[in-house]
Amino acid sequence: QVQLVESGGGLVQAGGSLRLSCTASGRTIGRYYMGWFRQAPGKEREFAAAISGSDGSTYYADSVKGRFTISRDIAKNTEYLQMNSLKPEDTAVYYCAISFASHYPRLPREFRSWGQGTQVTVSS
């Protein structure tokens, strides 16, 4: 059983930055895909970024590419999402998740366990 706990959300002005953290317990993240999703009010949960457990390769949704960076510290069993140049449309609850899939998962159903979410609000 893996448990994920996010932190680092908050209120920021447009153009600002935030760094989200997600600490895992019960599994070593270095073996699995770890991802970040977000869900705005009235919208479906959408993929933002993920990192491969095997080689650390990363991939992003087009909406965040070039602005967000996913990374991990295996020794701390923690993944991060550095968010720069934030826009009001980035406002959402952000969730981290772990996947046992074998090839670049992007869909919520491909991720097994989820954190509780952390609110990110970007003011204009």
Side-chain angles (χ1 to χ4, degrees):
Q1 187 80 7
V2 59
Q3 293 184 329
L4 305 172
V5 178
E6 302 103 334
S7 61
L11 173 65
V12 64
Q13 289 187 333
S17 299
L18 282 174
R19 189 177 81 154
L20 307 182
S21 300
C22 174
T23 299
S25 60
R27 294 270 186 174
T28 301
I29 66 170
R31 298 182 59 187
Y32 307 102
Y33 283 92
M34 296 292 296
W36 286 95
F37 287 75
R38 63 187 186 180
Q39 188 166 18
K43 295 187 177 181
E44 294 186 351
R45 191 168 298 189
E46 66 173 10
F47 171 80
I51 184 166
S52 166
S54 60
D55 62 4
S57 58
T58 60
Y59 50 107
Y60 300 88
D62 288 343
S63 58
V64 308
K65 196 174 297 181
R67 301 188 297 122
F68 291 11
T69 303
I70 188 171
S71 62
R72 62 182 180 174
D73 184 333
I74 295 176
K76 295 182 178 180
N77 224 31
T78 298
E79 67 160 350
Y80 304 96
L81 186 68
Q82 177 66 44
M83 305 185 294
N84 298 329
S85 302
L86 282 162
K87 305 174 181 179
E89 51 263 43
D90 294 318
T91 295
V93 177
Y94 283 71
Y95 299 89
C96 68
I98 186 170
S99 174
F100 305 144
S102 59
H103 191 70
Y104 300 110
R106 286 177 176 262
L107 301 176
R109 66 172 182 262
E110 296 178 290
F111 286 77
R112 176 70 62 86
S113 296
W114 297 80
Q116 81 286 355
T118 185
Q119 177 70 46
V120 171
T121 303
V122 184
S123 62
S124 58

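By convention here, the first residue in the shown sequence is residue 1.
Taking 4.0 Å as the cut-off between side-chain N and carboxylate O, Lys65 and Asp62 count as a salt-bridged pair.
Here the CZ-OG distance, from Phe68 to Ser17, works out to 9.5 Å after rounding to the nearest 0.5 Å. Arg45 contributes atom CZ, which lies 8.5 Å from atom CZ of Phe37 (distance to the nearest 0.5 angstrom). One finds the OG atom of Ser99 at 12.5 Å from the CZ atom of Arg106 (value rounded to the nearest 0.5 Å). Taking OG1 from Thr28 and CG from Asn77, the interatomic distance works out to 5.5 Å, rounded to the nearest 0.5 Å. Note that OG of Ser124 is 14.0 Å distant from NZ of Lys87, once rounded to the nearest 0.5 Å.
The main-chain N or O of Ser54 is found under 3.5 Å from a side-chain atom of Ser52 such that the two form a donor-acceptor pair. With hydrogens and angles ignored, the 3.5 Å screen pairs a side-chain donor or acceptor of Thr91 with a backbone N or O of Val122. Distance alone, capped at 3.5 Å, is enough to place a donor-acceptor pair between the Tyr60 side chain and the Ile70 backbone. A donor-acceptor contact shorter than 3.5 Å is absent between the side chain of Ser85 and the backbone of Arg67. A donor-acceptor contact shorter than 3.5 Å is absent between the side chain of Glu6 and the backbone of Cys22. The backbone N or O of Gly16 sits nowhere less than 3.5 Å from a side-chain atom of Asn84 that would complete a donor-acceptor pair. Side chain of Tyr95 to backbone of Trp36: no donor-acceptor contact under 3.5 angstrom is found.
When the side chains of ILVMFWY residues are joined at heavy-atom separations under 4.5 Å, either directly or via intervening members, Val93 and Phe47 end up in a single hydrophobic cluster. A continuous path of ILVMFWY side-chain contacts below 4.5 Å connects Met83 to Ile51, so both sit in one hydrophobic cluster. The hydrophobic cluster containing Phe100 also contains Met34, counting ILVMFWY residues as joined when their side-chain heavy atoms lie under 4.5 angstrom apart, directly or transitively.
Side chains of Tyr94 and Arg38: a donor-acceptor N/O pair is present below 3.5 angstrom, by distance only. With 3.5 Å as the limit, one finds a donor-acceptor pair spanning the side chains of Thr23 and Thr78. The closest side-chain donor-acceptor pair between Arg27 and Tyr32 falls under 3.5 angstrom.
Considering every non-hydrogen atom in both Leu86 and Val12, the closest pair reads CD1-CG1, 3.5 Å. Closest approach of Val64 to Ala48, counting heavy atoms only: CG2-O, 3.3 Å. Contact between Val2 and Ser113 at its shortest, heavy atoms only, is CG1-OG, 3.1 Å. Nearest heavy-atom pair, Pro105 versus Ala50, reported as atom, atom and distance to 0.1 Å: O-CB, 4.5 Å. Summarising the geometry of Ala24 relative to Ile29, their closest heavy-atom pair is CB-CG2, 3.5 Å, with the distance given to 0.1 Å.
Open room surrounds CD on Gln3; 12 or fewer heavy atoms of other groups in view lie less than 6.0 Å from it.
A 4.5 Å side-chain heavy-atom check between Asp90 and Val120 finds every atom pair outside the cut-off. Side-chain contact check for Gln82 versus Ser71: every heavy-atom pair is 4.5 Å or farther apart.
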Can you check side chain to side chain contact (heavy atoms under 4.5 Å, CB included) on Leu81 and Thr69, steps first, answer last?
CA-CA 6 Å; Leu81 186 68; Thr69 303; over 6 Å; no

Please step through side chain to side chain contact (heavy atoms under 4.5 Å, CB included) for the pair Leu20 and Glu79, ending with a clear verdict.
CA-CA 8 Å; Leu20 307 182; Glu79 67 160 350; over 6 Å; no

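Ring-centre distance between Phe111 and Tyr33: not below the 6.0 Å cut-off.
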